[in-house]
Chemist: 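What follows is a structure written as structure tokens; I'll ask about it next.
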Protein chains: 2
Amino acid sequence: MNIAEVAKRFDLTQDTLRYYEKVGLIPRVNRTSGGTRNYNEYDCGWIDFIKCMRNSGVQVDALVDYVRLFEQGDATADERKKILVREHHRIAEQIAEMQRTLDRLNKKIELYEKDVIPAEKELIIDKKIK
Amino acid sequence: MNIAEVAKRFDLTQDTLRYYEKVGLIPRVNRTSGGTRNYNEYDCGWIDFIKCMRNSGVQVDALVDYVRLFEQGDATADERKKILVREHHRIAEQIAEMQRTLDRLNKKIELYEKDVIPAEKELIIDKKIK
DNA sequence: TATTGCTTTGGAGCCAACTCCAGGTCAAGC
DNA sequence: GCTTGACCTGGAGTTGGCTCCAAAGCAATA
């Protein structure tokens, strides 16, 4: 697979794919004799994983660490697992916070629906919610 | 309330509070004759709301729009509601995506727990998950 | 009133994460 | 072999969202 195909498949730009590789978000991709990237399914597995994590707000640094450890072999499995667990916690906490925000928005939207709210009541809305 | 007290109360820096006001994330705060900000509970209500939204990933622009409309009075209630509904959708979608990521991480962590995974199996892990 | 410290402003600086570009190389069709 | 278009690299530029700073004014305490 050339870079154009991979970019299309994952809805990423070629620049982003090259960036991912450059900073170590994914392991180095094999090249043709001429130096052109030649992606295989293994690479795509990594891209898929990284894109998923990035879309959930996992920091580039954390993922770079993970990939670096991965490349160091089996001995780092424990440390890699710790990263995954830590990021799991972070995401779970973030979901909880966003859920509370949704509740708050729900109440606010409900008030907007009941009667078009005069602007001056805005604070009261927030007071009620608290 | 002076800015120091408000900053402490919301665990924000004074710079952040001034920034919020400068870009229009919160309505203009009243000042003393000398020009010093004098926050009241109304201001705090806004800060609380904005902090909550920002922590859930709502963009500054969207909130600035909301505040601007709010300041234009009752006639904009409909448009304001639309913003809230749109951001509600965005957050709900983001939660869904993060939930899927948690599932994926759970499976991956589980595999790490079963037997310390040789690095070479990394792709297989992702294949299984897919 | 003098000192010490808090607050003001505009604007510069910073960080994460891309995104774009120039100048060059490679490859595929004619 | 030549042209045309895709791909390469290193590095500069951009965006969003703060964060920091200098120079100056205000406030509280002695």
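Residue numbering restarts at 1 for every chain, and letters A, B, ... go by the order of the sequence lines. The figures here come from the full heavy-atom set of this structure, side chains too, leaving out hydrogens, waters and symmetry mates. Computed from a prediction, not measured in an experiment: that's the story for all the values here.
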Chemist: Expressed in angstrom and rounded to an integer, what is the separation of Ile3(B) atom CD1 from dA27(D) atom P?
Modeler: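 The distance from CD1 of Ile3(B) to P of dA27(D) comes to 15 Å, rounded to the nearest Å.
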Chemist: Whole-Å distance between dG17(D) P and Glu21(B) CD?
Modeler: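 In whole Å, dG17(D) P and Glu21(B) CD are 19 Å from each other.
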Chemist: Checking Lys51(B) side chain against Phe10(B) main chain: does a donor-acceptor pair fall under 3.5 Å?
Modeler: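 Side chain of Lys51(B) to backbone of Phe10(B), a donor-acceptor pair under 3.5 Å: yes, one is there.
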Chemist: Check whether any side-chain N or O of Asn55(A) sits under 3.5 Å from a backbone N or O of Cys52(A) as a donor-acceptor pair, and report yes or no.
Modeler: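 Flag not set: sc Asn55(A) to bb Cys52(A) has no pair under 3.5 Å.
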Chemist: Between Tyr66(B) and Tyr112(A), how do the two ring planes meet: parallel, tilted or perpendicular, split at 30° and 60°?
Modeler: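 Aromatic pair Tyr66(B)/Tyr112(A) classed perpendicular.
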Chemist: Are Arg9(B) and Glu41(B) ion-paired here, with the side-chain N under 4.0 Å from a carboxylate O?
Modeler: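 Judged by the 4.0 Å cut-off on N to carboxylate O distance, Arg9(B) and Glu41(B) do form a salt bridge.
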Chemist: Distance check needed: dG17(D) P versus Lys51(B) NZ, whole Å only.
Modeler: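 Atom-to-atom, Lys51(B) to dG17(D), this comes out as 17 Å.
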Chemist: Rounded to whole Å, please give me the gap between CG in Leu63(B) and P in dG16(D).
Modeler: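 Going from Leu63(B) (CG) to dG16(D) (P), I get 14 Å.
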Chemist: Consider side-chain hydrogen bond (donor to acceptor under 3.5 Å, both in side chains). Of Asp11(B), Asp15(B), Thr16(B), which one does Thr13(B) pass it with?
Modeler: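 Of the listed options, the one satisfying the test is Thr16(B).
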Chemist: Whole Å only: how far is the CZ atom of Arg37(A) from the C1' atom of dA6(D)?
Modeler: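 It is 13 Å, rounded to the nearest whole Å.
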Chemist: Under 3.5 Å, which protein N or O atoms sit close to an N or O of nucleotides 24-26 of chain D? Give each pair with its distance.
Modeler:
none

Chemist: Measure from the side-chain N and O atoms of Glu21(B) to the backbone N and O of Val29(B), and report whether any donor-acceptor pair falls under 3.5 Å.
Modeler: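 Indeed, once roles are kept as given, a pair shorter than 3.5 Å links the two residues.
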Chemist: Gln14(B) CD to dC21(D) C1': how many Å, rounded?
Modeler: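 Taking CD of Gln14(B) and C1' of dC21(D), I get 14 Å after rounding.
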Chemist: Output yes when Lys81(A) and Glu113(B) qualify as a salt bridge under the 4.0 Å nitrogen-oxygen rule, no when they do not.
Modeler: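 Judged by the 4.0 Å cut-off on N to carboxylate O distance, Lys81(A) and Glu113(B) do form a salt bridge.
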Chemist: For Arg18(B), report the nucleic acid contact type (base, sugar-phosphate, nothing); a contact means any heavy atom under 4.0 Å.
Modeler: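 Contact class for Arg18(B): base.
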Chemist: Provide the start and end nucleotides, 5' to 3', of the part of DNA chain C that has atoms under 4.0 Å from heavy atoms of chain A.
Modeler: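 Reading along DNA chain C, I get dA17(C) to dA27(C).
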Chemist: Without swapping roles, check the side chain of Arg54(A) against the backbone of Val58(A) for a donor-acceptor pair under 3.5 Å.
Modeler: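 Answer holds: yes.
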Chemist: Which protein N or O atoms sit under 3.5 Å from an N or O of nucleotides 18-20 of chain D?
Modeler:
unit_1	atom_1	unit_2	atom_2	d
dC18(D)	OP2	Arg54(B)	NE	2.7
dC18(D)	OP2	Arg54(B)	NH2	3.0
dT19(D)	OP2	Thr16(B)	OG1	3.3
dC20(D)	N4	Asp15(B)	OD1	3.4

Chemist: Indicate, with yes or no, if the rings of Tyr39(B) and Trp46(B) have centres closer together than 6.0 Å.
Modeler: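 That pair fails the under 6.0 Å test.
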Chemist: Would you call Asp48(A)-Arg104(B) a salt bridge at under 4.0 Å N-O?
Modeler: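 Yes, this pair counts.
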Chemist: Tell me whether Arg90(A) contacts the main-chain N or O of Gln94(A) through its side chain, where contact means a donor paired with an acceptor under 3.5 Å.
Modeler: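 No, the answer is negative, given that no donor and acceptor are paired below the 3.5 Å cut-off.
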